[in-house]
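To find a chain, count down the sequence lines: A is the first, B the second, and so on, and within it residues start at 1. Because only heavy atoms are used, hydrogens play no part in the values below, and waters and symmetry mates are left out as well, while side chains stay in.
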Amino acid sequence: MKVIDRSDLDALIEELIASDPRDVVGVQEDGEQYVFDHLESADELTLDYDLTALSPKKYVMPQRETLLTYDRTDDEYEMRAEADPTGHIVVGVHPYDLAAIEHLDKIFIDTLQDEPYRRKRENSVLIGVTMQDVADNCFAASMGTATVDSGYDLMVTDLGDTFAVDIGTFEGDRLLESTKTRNATAEEIERVAEIEADLKDGFDRELAFPPAELPTLLEASYDDMDFWEDYAEQCLSCGTCNVVCPTCFCFSVDMVRDLDGDSGRQERRWDGCLLEDFATVAQGENFREEVAQRHRHRFMRKGWYIYERYGDVACVGCGRCTRHCVADVADPCEVYNELREAQHA
Amino acid sequence: MRSAARTHFEHGESEYQPIEGQIVWIDRHTDDDKLFVIDLPDGVSLDHDPGQFVQLFVPGVGEAPFSIASSPTKEGPFELCIRAVGNVTNAIHDLEAGDVVGIRGPYGQGFDIDAIAGQDLLFIAGGIGLAPLRSVINYALDRPAEFGDLTTLYGCTEPAEQLFPGELDEWADSDVMDYRETVDEVPDSQEWDGDTGVITSLIPPLEFDPETTVALVCGPPVMYRFVIKALREKGLADDRIYLSLERNMHCGRGLCGHCQLNELYVCLDGPVFHYPTVRDKEEAEV
């Protein structure tokens with residue numbers, strides 16, 4: 001573990017902004033919320049925040065991106081798969097968001113080899129920060145994502161006048177090359193461990209059982225339609241819970257034509273399983289027609305289906321879906337706890 | 001930065017790159033259905049399994065999944081039977097011979113030839129469901145020695161909806177396969193001297209040995225439950241039934257989520273499923 005003065009961390013970020021070809025983005029205040037956005041200077045960066053509106057997933061899987069372009073010349077079409085390689089230096093990522101990106105890496109790189117994702121991911125640098133503030137709806141400690149020991153290039157922890165810096169990758173180490181750092185003392189290492197341990201008591205929301213039990217619980221709850229209908233009654237099918245989720249990765253593929261009529265592209269854009277037509281096929285049959293079915297699908301996917309395929313529970317407990325749900329029916333912690341209670345009643 | 005060391009695919013190689021196919025022939029089957037015969041560069045074969053699907057990309061129009069209607073035993077161009085039911089498929093119907101399309105795939109799990117080899121095959125198709133089944137019907141017709149008795153049942157809503165009209169006549173005359181057909185109803189404007197009634201009405205009169213028969217079924221969603229019920233009543237065990245299911249794949253590669261059926265992805269785990277795999281899945285609707 002290294003230690004860096006607060007002013008030297010600022011200088012490092014300024015240096016990256018000035019000289020790295022990649023866009024440097026970080027957490028900043030935007031009205032009443034925090035967002036990841038382009039940094040003009042280190043002054044704009046806020047490392048003491050609770051939760052950003054969207055997760056940094058948007059830098060490795062943008063809301064819209066081109067998969068394919070086509071172009072016609074002399075009656076000949078050229079079709080070309082595209083994979084935008086633009087990486088970002090992302091500063092201030094909380095551990096649960098790092099865990100979410102590691103989960104997506106497993107699916108998009110290790111398993112299904114998605115070239116557009118892989119290029120952006122491998123060209124990106126993630127600088128994590130130990131949580132200093134906890135959002136009301138966050139239950140990351142219950143999901144084991146309040147702290148992480150991988151998924152970052154650098155991980156910084158605020159120690160007052162200094163930051164402790166844990167180096168996660170060779171790329172992270174290289175970033176520190178021209179910056180003044182020193183090795184951490186035993187006291188500083190102990191202090192980081194204390195901060196991380198104390199953090200786990202700072203969560204108001206708590207899953208009442210180990211998340212490893214979720215697949216079994218959900219499988220047993222699948223047919224409890226009264227429960228799902230009760231919850232879904234107020235659901236607007238707006239898909240906001242999907243959009244703000246750091247592990248949701250479903251998408252639609254759309255044709256975008258250029259005005260010249262000869263060229264255009266296929267884009268993928270974020271889609272959501274809560275939207276009414278998500279599971280509709282060509283002749284109109286909708287395999288998840290009822291809002292309660294879609295509502296249930298989201299929870300099943302997070303806690304059971306993805307586990308069956310990838311061995312991960314696909315909820316990191318960030319609380320974004322809870323915070324942004326207009327009807328206040330999206331809270332996984334509440335839903336999972338109530339299911340558990342119903343099972344044991 | 002994430003190390004590339006854990007990945008096993010070539011940099012720069014994208015699964016989203018289609019290969020160019022040229023439409024070499026189009027045959028209109030019904031008011032809404034056309035058969036497209038597509039040639040790949042240098043005359044290469046698609047090298048698919050019966051029951052697999054491709055993503056067909058049409059510049060300026062869009063992309064959609066289609067089950068392959070031809071058998072891999074037929075070398076050279078492959079065939080897609082496409083019903084005009086939406087923006088993309090309507091525009092595909094406007095294409096002409098010579099037009100170029102993009103092809104990704106073949107994707108998914110087709111019919112398990114090893115599992116059905118040596119068995120009597122009972123094909124049951126409803127409407128456009130004949131297109132995916134035709135890939136395995138023709139496979140069996142081309143390699144009759146590999147299978148036992150062959151039977152095909154085909155049901156449509158009305159005579160004018162029948163696909164592959166010329167081929168159906170050949171099947172009806174065939175010594176190799178028992179072919180039976182029905183229509184739900186005959187409008188006054190159409191001629192028909194065959195059976196009328198839903199597809200399930202063809203099952204009770206059939207004589208087959210449930211110990212040696214495998215049923216391969218494809219049709220509209222509403223058809224599966226009734227067909228399976230009729231097959232069970234004939235003594236056919238669930239593990240002797242295979243189904244090809246339709247969903248709206250956008251990516252074809254297990255990512256986009258549109259074809260998810262409970263924890264299964266139809267594009268990866270299907271579109272052909274062994275019936276016991278999906279029997280208890282509510283979203284399979286079978």
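- Per-residue counts of heavy-atom pairs under 4.5 Å with chain A were compared for Pro59(B), Pro18(B), Gly62(B), Cys259(B); the largest is that of Pro59(B).
- Contact count against chain A (heavy-atom pairs under 4.5 Å) is highest for Leu268(B) among Leu261(B), Leu268(B), Val222(B), Ile19(B).
- Looking only at distances, no side-chain donor or acceptor of Thr30(B) sits under 3.5 Å from a matching main-chain atom of Ala160(B).
- Heavy-atom proximity under 4.5 angstrom to chain B picks out Tyr222(A), Asp223(A) from residues 215-229 of chain A.
- Under the 6.0 Å cut-off for aromatic ring centres, His258(B) and Phe278(A) qualify, their centroids lying closer than that.
- Only the backbone of Leu264(B) has a heavy atom closer than 4.5 Å to any heavy atom of chain A.
- With a threshold of 4.5 angstrom between heavy atoms, Pro221(B) approaches chain A through side-chain atoms but not through N, CA, C or O.
- With ring centers used as reference points, Tyr305(A) lies under 6.0 Å from His297(A).
- Checking Ser263(A) against Asp258(A) by side-chain atom types alone, a donor-acceptor pair falls below 3.5 Å.
- Contact annotation for Ala83(A): neither backbone nor side-chain heavy atoms come within less than 4.5 Å of a heavy atom of chain B.
- Highest contact tally toward chain B, considering only Arg80(A), Glu82(A), Glu78(A), Met300(A), is held by Arg80(A) [criterion: heavy-atom pairs under 4.5 Å].
- A donor-acceptor pair is defined here as one N or O able to donate and one able to accept, closer than 3.5 Å; such a pair exists between the side chain of Lys120(A) and the backbone of Asp84(A).
- Interface remark: of the candidates Val85(B), Val100(B), Val58(B), Ile128(B), Val85(B) forms the most heavy-atom pairs closer than 4.5 Å to chain A.
- Considering every non-hydrogen atom in both Pro116(A) and Glu65(A), the closest pair reads CB-OE1, 3.5 Å.
- Top candidate by heavy-atom pairs under 4.5 Å with chain A, chosen from Glu20(B), Arg83(B), Gln260(B), is Gln260(B).
- Neither the backbone nor the side chain of Asp99(B) comes within less than 4.5 Å of any heavy atom in chain A.
- Remark: aromatic rings of Phe111(B) and Tyr242(B) are distant, center separation not under 6.0 Å.
- Heavy-atom distances place no part of Thr111(A) under 4.5 Å from chain B, backbone and side chain included.
- If you check the side chains of Asp114(A) and Tyr16(B), you find a donor sitting under 3.5 Å from an acceptor.
- Neither the backbone nor the side chain of Val88(B) comes within contact range of chain A; no heavy atoms are under 4.5 Å apart.
- Contacts with chain A were tallied for Gly98(B), Gly257(B), Ala284(B), Cys256(B); Cys256(B) has the most, counting heavy-atom pairs under 4.5 Å.
- For Glu285(B), the CD atom is densely surrounded, since the number of other residues' heavy atoms within 6.0 Å is greater than 12.
- Each of Gly168(A), Gly261(A), Ala282(A) has some count of heavy-atom pairs under 4.5 Å with chain B, and the biggest count is that of Ala282(A).
- For Val266(B), no part sits under 4.5 Å from any heavy atom of chain A, backbone or side chain.
- Applying the side-chain hydrogen bond (donor to acceptor under 3.5 Å, both in side chains) test to every pair with at least one member in residues 89-98 of chain B, sequence neighbours left out, gives no pairs at all.
- If you measure heavy-atom distances from Arg265(A) to chain B, you find no contacts under 4.5 Å at all.
- Remark: side-chain polar atoms of Lys106(A) are not paired, donor with acceptor, to backbone N or O of Glu102(A) under 3.5 angstrom.
- The greatest number of non-hydrogen atom pairs below 4.5 Å with chain A, out of Met249(B), Glu282(B), Glu63(B), is found for Glu282(B).
- Neither the backbone nor the side chain of Arg72(A) comes within contact range of chain B; no heavy atom of the residue lies under 4.5 Å from a heavy atom of that chain.
- Leu112(A) touches chain B through backbone and side chain together, each having a heavy atom under 4.5 Å away.
- For Lys229(B), the NZ atom is loosely surrounded, since the number of other residues' heavy atoms within 6.0 Å does not exceed 12.
- Not counting sequence neighbours, the partners of Thr247(A) by the side chain to side chain donor-acceptor pair (under 3.5 Å) test are Lys302(A).
- Listed by chain and residue number, Glu283(B) satisfy the salt bridge (Lys or Arg N to Asp or Glu O under 4.0 Å) test with Arg288(A) (two or more places apart in sequence, or in another chain).
- Residue contact with chain A, scored on non-hydrogen atoms closer than 4.5 Å, involves the backbone of Val61(B) exclusively.
- For a residue to count as touching a neighbouring chain, one of its non-hydrogen atoms must lie under 4.5 Å from one of that chain's; by this rule Glu246(B) touches chain A with backbone and side chain alike.
- In this pair, His103(A) and Tyr310(A) present their aromatic rings perpendicular. The plane angle is above 60°, beyond the 30 to 60° band.
- Checked against the 6.0 Å centroid threshold, His29(B) and Phe164(B) count as a close aromatic pair.
- Of the listed residues (Gln293(A), Arg296(A), Glu76(A)), the one with the most heavy-atom contacts under 4.5 Å to chain B is Arg296(A).
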